[in-house]
Amino acid sequence: MRGGHPCLIVLAAVSTAVCPLSCQNVSSAETRTKLNGSAADFDSFRKQFHRKFEVESEEFNRRLLYFQNATKRHAHLSSFSTDPQSAKYGINRFSDLSQKEFRDLYLRASADRAPVFSGLKTEGLPARFDWRDKAVVAPVQSQEACGSCWAFSVVGATQSVHAIGGSQLERLSVQQVLDCSYQNAGCSGGSVSRTLKWLKQTRMKLVPHSEYPYKAKTGICHFFSQSHGGVSVKNFTAHDFSGQEEAMMGQLVERGPLAAVVDAVSWQDYLGGIIQHHCSSQWSNHAVLVVGYNTIGDVPYWIVQNSWGTSWGDEGYVYIKIGGNVCGIADSVAAVIL
């Protein structure tokens with residue numbers, strides 16, 4: 001699972017998307033009949049997620065067909081669920097996007113090749129570990145209509161490690177990274193490793209979010225004097241832990257929450273539970289923050305914070321089975337050192 005493109009996040013109600021076969025100019029009445037009454041569910045969906053397109057428009061017809069395709073896909077994905085812990089799939093704010101739109105618009109983070117981890121396993125790891133229990137993980141954020149997942153994951157790891165070191169947990173500025181990290185493309189996407197290399201080389205101090213608030217668009221870099229307070233990254237590690245997820249658990253416990261670039265193809269329909277299948281595109285495409293793990297129970301899993309807001313997944317979190325490198329969770333994993 002290598003390569004990919006920068007992660008561009010856009011609003012779910014996209015009116016300029018490419019139209020596949022289902023983009024046919026049929027009347028609303030014909031469409032509703034063909035979809036066997038799903039229009040009522042679609043009307044509820046539109047109200048819940050504030051879709052504003054006109055009922056008789058081509059946009060409405062196209063989104064309705066995508067919505068119907070999504071409900072069929074949910075049934076297929078859920079058919080793999082064999083136990084109560086399995087992932088659940090259903091209607092969410094991405095349900096009126098085609099799969100191609102979701103891939104093209106939401107899954108465009110890049111991942112540089114990471115060296116295979118060659119260190120020793122950490123002995124005596126706890127069966128369950130969650131950095132949220134220690135109050136060093138900031139609340140789930142939403143990157144909105146901006147491809148800034150790479151910045152959110154790096155800043156999330158940095159502010160947590162800073163708090164683990166004894167400082168008060170404080171949201172640091174994602175917008176500062178977005179505007180100033182010249183090796184990335186702002187809202188058009190970026191790379192976790194390139195961002196960490198830039199932070200290490202420049203020793204730029206990340207200022208609090210309150211001083212440089214998030215705008216969900218790329219702006220001009222605002223520089224602060226060297227005497228200004230902030231948090232700078234001294235170093236970082238980046239490794240491929242595929243086949244060595246127990247060692248990755250040790251890194252999480254020793255170093256803090258980890259920035260990982262994953263394959264999120266199945267996340268379009270995710271509602272909760274432990275993902276054990278369906279990550280199959282074989283390329284890394286989205287950056288997240290791994291904050292914990294749990295090996296108690298039949299299915300051990302990673303606890304992963306996403307940046308799509310609390311209305312997505314399990315209050316903004318996704319759980320991924322440990323072992324087998326599900327969703328490429330172990331392919332490109334970075335730890336911040338302050």
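Any value given below was found using the heavy atoms of this structure, including those in side chains, with hydrogens, waters and symmetry copies removed.
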Problem set entry | Remaining members of the apolar cluster that contains Tyr212, side-chain heavy atoms under 4.5 Å | Val207, Phe224
So do [Y] and [X] actually touch side chain to side chain, heavy atoms under 4.5 Å?
X: Arg203; Y: Val233; value: no
X: Phe53; Y: Arg46; value: yes
X: Arg63; Y: Phe42; value: yes
X: Tyr89; Y: Ile275; value: yes
X: His74; Y: Ile91; value: yes
X: Val288; Y: Cys149; value: no
X: Arg73; Y: Gln99; value: yes
X: Ile320; Y: Val304; value: yes

For this session: Check the surroundings of atom CD in Glu315: do more than 12 heavy atoms from other residues, nucleotides or ligands lie under 6.0 Å from it?
Result: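 No.
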Exercise. Take atom CD in Glu254; do more than 12 heavy atoms of anything else shown fall under 6.0 Å from it?
Worked result: yes
Check whether the side chains of [X] and [Y] place a donor and an acceptor atom closer than 3.5 Å, and report yes or no.
X: Thr195; Y: Asn184; answer: yes
X: Ser307; Y: Gln141; answer: no
X: His286; Y: Asp263; answer: no
X: Asn294; Y: Tyr301; answer: yes
X: Asp314; Y: Tyr319; answer: yes

Kindly work out whether a path of hydrophobic side-chain contacts (I/L/V/M/F/W/Y, heavy atoms less than 4.5 Å apart) joins [X] to [Y].
X: Phe129; Y: Tyr317; answer: yes
X: Val192; Y: Ile337; answer: no
X: Ile329; Y: Val299; answer: yes
X: Val174; Y: Leu338; answer: yes
X: Ile303; Y: Ile164; answer: yes

Keeping the roles fixed (side chain from [X], backbone from [Y]), state whether a donor-acceptor pair exists under 3.5 Å.
X: Ser148; Y: Ala151; value: no
X: Ser110; Y: Gly190; value: yes
X: Glu101; Y: Ser98; value: yes
X: Gln268; Y: Phe94; value: yes
X: Thr71; Y: Gln68; value: yes
X: Arg132; Y: Val137; value: no
X: Ser160; Y: Gly156; value: yes
X: Lys52; Y: His50; value: no
X: Gln305; Y: Ser153; value: no
X: Gln176; Y: Lys205; value: yes

Problem set entry | Arg51 and Glu59 ion-paired at < 4.0 Å |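 Result for this pair is no, no salt bridge flagged.
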Exercise. Under a 4.0 Å N-O cut-off, is there an ion pair linking Arg128 with Asp133?
Worked result: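 Here Arg128 pairs with Asp133 in a salt bridge, since their nearest N and O are under 4.0 Å apart.
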Problem set entry | Partner residues of Trp267 under the side-chain hydrogen bond (donor to acceptor under 3.5 Å, both in side chains) criterion, sequence neighbours left out | none
Looking at [atom1] of [X] and [atom2] of [Y], how far apart are the two atoms once the value is rounded to the nearest 0.5 Å?
X: Gln85; Y: Asp298; atom1: CD; atom2: CG; answer: 6.0 Å
X: Thr295; Y: Glu245; atom1: OG1; atom2: CD; answer: 12.5 Å
X: Leu258; Y: Ser332; atom1: CG; atom2: OG; answer: 11.0 Å
X: Ile220; Y: Cys180; atom1: CD1; atom2: SG; answer: 10.5 Å
X: Cys327; Y: Asn285; atom1: SG; atom2: CG; answer: 9.5 Å
X: Leu289; Y: Trp131; atom1: CG; atom2: CH2; answer: 12.0 Å

Exercise. Passes side chain to side chain contact (heavy atoms under 4.5 Å, CB included), Trp302 versus Val326? Steps please.
Worked result: CA-CA 10 Å; Trp302 295 107; Val326 177; over 6 Å; no
Seminar exercise, completed: Closest non-hydrogen atoms of Pro115 and Ala238, given as atom of the first, atom of the second and distance, are CD-O, 3.3 Å
For this session: Please report the closest heavy-atom contact between Leu178 and Thr218, naming both atoms and the distance.
Result: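 Taking every non-hydrogen atom into account, O-CG2, 4.2 Å.
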Exercise. Can you name the residues that form a ring-ring contact (aromatic ring centres under 6.0 Å, His included) with Phe117, not counting sequence neighbours?
Worked result: His239, Phe241
Exercise. Got a sec, which pairs hit disulfide (SG to SG under 2.5 Å) with one end in residues 227-256, sequence neighbours left out?
Worked result: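 Residue pairs with at least one partner in residues 227-256: there are none.
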Problem set entry | All side-chain contact (heavy atoms from CB on, under 4.5 Å) counterparts of His209, not counting sequence neighbours | Arg171, Pro213, Tyr214
Exercise. Who pairs with Ser193 by side-chain contact (heavy atoms from CB on, under 4.5 Å), at least two apart in sequence or on another chain?
Worked result: Asp112, Ser191
Exercise. Does the pair Asn92 and Asp269 meet the rule for a side chain to side chain donor-acceptor pair (under 3.5 Å), with working shown?
Worked result: CA-CA 7 Å; Asn92 64 16; Asp269 307 299; 5.8 Å; no
For this session: Go through the steps to decide whether Met248 and Val333 satisfy the test side chain to side chain contact (heavy atoms under 4.5 Å, CB included), and finish with yes or no.
Result: CA-CA 8 Å; Met248 181 174 157; Val333 182; 3.9 Å; yes
For this session: Report the C-alpha separation of Trp150 and Ser181 in whole Å, then their side-chain angles, then the decisive distance to 0.1 Å, and conclude whether the side chain to side chain contact (heavy atoms under 4.5 Å, CB included) test is met.
Result: CA-CA 11 Å; Trp150 55 278; Ser181 180; 4.2 Å; yes
Exercise. Between Tyr270 and Trp312, what is the ring plane arrangement, given parallel below 30°, perpendicular above 60°, and tilted in between?
Worked result: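 If you compare the ring of Tyr270 with that of Trp312, the planes turn out tilted.
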Exercise. Stepwise, does the side chain to side chain contact (heavy atoms under 4.5 Å, CB included) test hold for Ser173 with Glu211?
Worked result: CA-CA 8 Å; Ser173 177; Glu211 294 186 32; over 6 Å; no
Problem set entry | Given Lys215, Lys217, His222, the one that forms side chain to side chain contact (heavy atoms under 4.5 Å, CB included) with Gln175 | Lys215
Problem set entry | Identified side chain to side chain contact (heavy atoms under 4.5 Å, CB included) counterpart of Leu172 within the set Val154, Val177, Val231 |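 Of all the options given, the one that passes is Val231.
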Exercise. Given the side-chain rings of Phe45 and Phe67, with only the six-membered ring counted for Trp, is the space between their centroids under 6.0 Å?
Worked result: yes
